[in-house]
Amino acid sequence: MTSSVKAILDLKGRDVITAGPSTTVAEAATILSKKKIGAIVVVGMENRISGMFTERDLVHAIAKHGKEGLDQSLAQVMTAKVYRCNEDTTVNELMELMTSRRFRHVPVESNGKLAGIISIGDVVKSRIAEVEREAEEIKAYIAG
C-alpha cells in the first residue's frame, strides 16, 4: 500500500519555515543557513501560499543582480508558480511531480492554507521504509 503525504506529515511534523513577501533575499539566505533547509514558503494573508524561495532562487538572484540581489524582496525573486499537494496525495504521485518538475520541496495545502511541506528526502525515506516493509512481509510469507 502506497503511503500518503498525511502519513509522512504525521511522522515528521507539520512545522514549516515561512517568510513574508517583503523579506529580503539576504534575510532569507540567513534563515536557510541557520535552519539548514533548502526552501522557505512565502506566505501572504491568512497563511496562504504566495510563492517559494529556494537555494536555486538565491543563486538566480545573485547571478542576475549581483550583490544588489541580496537587497531585493522575496516577492521580486521567488518562484511564484507553486505546485502544491494535499494530504491525500500518494508518495508515488509526489515522486512523479517532483521528478517531472524538478522540485525538491512541495508545500502541502489544506483548505487553501499551508499545512506542511514535503522534501525529496522525506519522499525517499518514506519509499525506502515502504520497500523494507514489503520485503519483510515477503520473507514472513515465504518462511510460512
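Computation of the quantities below employed the complete heavy-atom set of this structure, encompassing side-chain atoms and omitting hydrogens, waters and symmetry-equivalent molecules. By convention here, the first residue in the shown sequence is residue 1.
In this structure a side-chain-to-backbone donor-acceptor pair under 3.5 Å is missing from K64 to G69. Between the T99 side chain and the M95 main chain, a donor and an acceptor come within less than 3.5 Å of each other. At least one donor-acceptor pair closer than 3.5 Å links the side chain of N86 to the backbone N or O of D88. Checked by atom type and distance alone, the side chain of T54 never pairs as donor or acceptor with a backbone atom of A39 at under 3.5 Å. R104 places no side-chain N or O within 3.5 Å of a backbone atom of S119 that could act as its donor or acceptor partner. In this structure, the side chain of R84 engages the main chain of I49 through a donor-acceptor pair within 3.5 Å. Within the 3.5 Å criterion, the main-chain N or O of E96 finds a donor-acceptor partner in the side chain of S100.
L70 is listed as a side-chain neighbour of I62, based on a closest heavy-atom distance under 4.5 Å. Side-chain atoms of M52 and M78, non-hydrogen and from C-beta on, never get closer than 4.5 Å to each other. Side-chain contact check for V82 versus P107: some heavy-atom pair is nearer than 4.5 Å. Two residues are said to be in side-chain contact when any heavy atoms from C-beta on lie closer than 4.5 Å; V123 and M98 meet this criterion. In this structure, V42 and S50 have side chains that are in contact, with non-hydrogen atoms separated by less than 4.5 Å. At a threshold of 4.5 Å between non-hydrogen side-chain atoms, the residues I17 and I37 count as touching. Contact check for R127 versus V131: side-chain heavy atoms found under the 4.5 Å cut-off. The shortest distance between side-chain heavy atoms of V5 and L94 falls below 4.5 Å.
With 3.5 Å as the limit, one finds no donor-acceptor pair spanning the side chains of E27 and T30. A donor atom on one side chain and an acceptor atom on the other are found under 3.5 Å apart for T79 and D57.
Scanning both residues, L9 and A115, for their nearest heavy atoms gives CD1-O, 4.1 Å.
How far OG1 of T18 is from CG of L114: 7.0 Å, rounded to the nearest 0.5 Å. Put simply, CG on L97 and OG1 on T89 are 8.5 Å apart, with the number rounded to the nearest 0.5 Å. Expressed to the nearest 0.5 Å, how far CG of L74 lies from OG of S22 amounts to 8.0 Å. Within the model, atoms OG1 of T24 and CD of Q76 stand 10.5 Å from one another, a figure rounded to the nearest 0.5 Å. The distance from the NZ atom of K125 to the CG atom of L11 is 7.5 Å, given to the nearest 0.5 Å. To the nearest 0.5 Å, atom OG1 of residue T23 and atom CD of residue Q72 are 14.0 Å apart.
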request  = Take V108 and C85 through the test side-chain contact (heavy atoms from CB on, under 4.5 Å) and record every step on the way to the result.
outcome  = CA-CA 5 Å; V108 181; C85 66; 3.7 Å; yes
inquiry  = Using the rule given for side-chain contact (heavy atoms from CB on, under 4.5 Å), can you reason through V25 versus V77, listing the C-alpha separation, both sets of side-chain angles and the distance that settles it, and then say yes or no?
reply    = CA-CA 8 Å; V25 170; V77 299; 3.5 Å; yes
inquiry  = Does F53 form a side-chain contact (heavy atoms from CB on, under 4.5 Å) with L32? I'd like the steps, not just the answer.
reply    = CA-CA 10 Å; F53 179 76; L32 291 173; 3.9 Å; yes
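Salt-bridge formation is detected for the pair K139/E136: a Lys NZ or Arg NE/NH1/NH2 atom is positioned less than 4.0 Å from an Asp or Glu carboxylate oxygen. A salt bridge links R14 with D10; the closest basic N to acidic carboxylate O contact falls under 4.0 Å.
Dense packing is recorded around NZ of K12, with more than 12 heavy atoms of other residues, nucleotides or ligands lying under 6.0 Å away.
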